[in-house]
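A short worksheet on the structure shown next.
In each ligand, atom 1 is the first atom listed, and ligand 1 is the first ligand listed.
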Amino acid sequence: MLVMEKIKELENIARQLEPDTGTRHDIVREANAYVEHFVESLPGAPGYTTGEINKLRALQIGEEGKSLEQLIDILKDEVDATGINSASGRHMGYIPGGGLWTSAVADMLAAAANRYAGIAYSSPGAVEIGNQMIRWLASVVGYPEETHGNLTSGGSIANLIAIKAARDRYGINASNVRKMAIYFTEQVHHCIHKALHTTGLYEAVLRSIPVDGNYRMDVIALRKQIEEDKREGLHPFLIIATAGTTDTGAIDPLDEIADIRDEYGMWFHLDAAYGGFFVLVEEAKARFKGMERSDSVVMDPHKTLFMPYGSGVVLIRDRNALLASNSYKAAYMKDAYGLDEIDPADSGPELSRHFRGLRMWLPLHLHGVAPFRANLEEKLMLCRYFHKKAGTMGFETGKTPDLSVAIFRIPDDPDNRKNEAFIKALHEDGRVFLSSTTIGEKLWIRCAVVSFRTHLREMDIALDMIRENRDRVLSGGPKSSLHISGDH
Ligand SMILES: *Cc1c(COP(=O)(O)O)cnc(C)c1O
């Protein structure tokens, strides 16, 4: 009887994890009020803010619960108002992300029902949604229908899956890895280096191919290096190209790379994490010619499809290569085998996973593709507008952008001192967040137009901020009284 009493007593406490109807309504109302406040205040909020996170640091997890109000206050003051405002249209540094509100709603629906999206036997519907997204993305790229892939947490894991599939397809192991050669440029994203480490391919021969004046892979140099390597008894097997580099948004010559791949029987992997979705824009399509001939491609819906962070995708043309690299059969999973649908668990390293298909499926169906396409075309035009304006303002600018990243700098600054002071001033100002990069010897400021909340208004705020800070840095004048650091 004592046991029964104890079980009942525990149940009473345990049931606190299941709020009743009234409490659920209150919580949602309170959370939604905060979301409304956040979204409504975005247009006036700075792109970058410094601030303390002391309340957050001091907060301990205890045996007793706290009020939602207290927790949301911390979120509001110390999480959502410090650092880069990545939901804001004023984030134009690095490669900005998205944060579609309709995806947030989808995430709530996905989490509340908590379907198991790893295996079709467990949730045929959730797996079908994920696989439909993969098929739609494959059609965007121009891949054949039998292509398969995996919805991942982002571009890094997606690149890892593709590179591992290539490694396994070519039977690379400890005994032959030192004879295998891989080709990419210095403009490749650093997650490629991570993936090569994780897959043991850092032991292979890694060739950094020079870039041309537009920071695109020099395919003549690529061919020459491959020939040379073959003569030396190496096995060239993998070319890693980028469509939309992080530094400048450059697109490598994809069609020529695909020709070289054909000629030498290699694997052509394409990192289009940021750039890939611009293929949806009619006017930009031609720049992606050859993308559809790649063996694998990575895209980040949390960048140019405006989803919240945690949304990447890898597509692999030869689905058998993908499955061979990821499929395992375990005895305790035997009930789950034998369905037609490909299980996500067999096309990537994860077993249990976030039902991330829903945050893409719901907005695409709700809004249709048109506003996504319009957003992307708008971003391309805004970036060209910015590039032109920066030129007329007297900045040294990079070449006309391939996509939506423009680079510019204060000219006549051989030791980069003026530009160091300039980017520092821009960060202290914070109205719009921009980042910098070093290419060769030169420090460049980058303006990446990616957010679905970046429109003409935000570009003009950026241009005003840039002009004011440039003038101040060059004249050695004081900070504007309106924008003192830490005071937003
Ligand atoms: C963002 C990006 C990555 C890394 O993707 P994550 O989603 O941040 O992991 C890789 N390659 C390119 C070209 C990118 O723009």
(request) Examine the proximity of ligand 1 to C191 and report which part, side chain or backbone, both or neither, has a heavy atom under 4.0 Å away. (result) side chain

(request) Between G310, S153, S156, A243, flag the one that comes closest to atom 9 (O) of ligand 1 by a heavy atom. (result) S156

(message) Need the ligand 1 atom indices (1-based, order shown) with element for anything under 4.0 Å from a heavy-atom of G244.
(response) 13 (C)

(message) Using 30° and 60° as the class boundaries, would you call the ring planes of F395 and F408 parallel, tilted or perpendicular?
(response) perpendicular

(message) Looking at R261, is its backbone amide N or carbonyl O close enough to the side chain of R293 to form a donor-acceptor pair, meaning the two atoms are under 3.5 Å apart?
(response) no

(request) Please report the closest heavy-atom contact between N150 and R353, naming both atoms and the distance. (result) OD1-NH2, 2.9 Å

(request) Please confirm whether D300 comes within less than 3.5 Å of ligand 1 when only nitrogen or oxygen atoms on both sides are compared. (result) yes

(message) I'd like to check E458 versus H455 (side-chain heavy atoms, cut-off strictly below 4.5 Å). Are they in contact?
(response) yes

(request) Just need the protein heavy atom nearest to atom 13 (C) of ligand 1, so name the residue and atom and give the distance. (result) D271 OD2, 3.4 Å

(message) Please enumerate all residues that pass ring pair (Phe, Tyr, Trp, His ring centres under 6.0 Å) together with H148, with sequence neighbours excluded.
(response) none

(request) Mark up the atoms of ligand 1 that fall under 4.0 Å of a heavy atom belonging to Y274, in ascending order. (result) 15 (O)

Check: residues 34-43 side-chain donor-acceptor pairs under 3.5 Å, at least two apart:
from: Y34; atom 1: OH; to: D80; atom 2: OD2; distance (Å): 2.4
from: S41; atom 1: OG; to: H37; atom 2: O; distance (Å): 3.0
from: S41; atom 1: OG; to: F38; atom 2: O; distance (Å): 3.1

(message) Looking only at distances, can you tell me whether any N or O atom of G155, backbone or side chain, sits closer than 3.5 Å to an N or O atom of ligand 1?
(response) yes

(request) Nearest heavy atom to atom 2 (C) of ligand 1 wins, so pick from H189, K303, M299. (result) K303

(message) Tell me whether the rings of H197 and Y202 are parallel (<30°), tilted (30 to 60°) or perpendicular (>60°).
(response) parallel

(message) Is there a polar contact between ligand 1 and T242, counting only N or O atoms under 3.5 Å apart?
(response) no

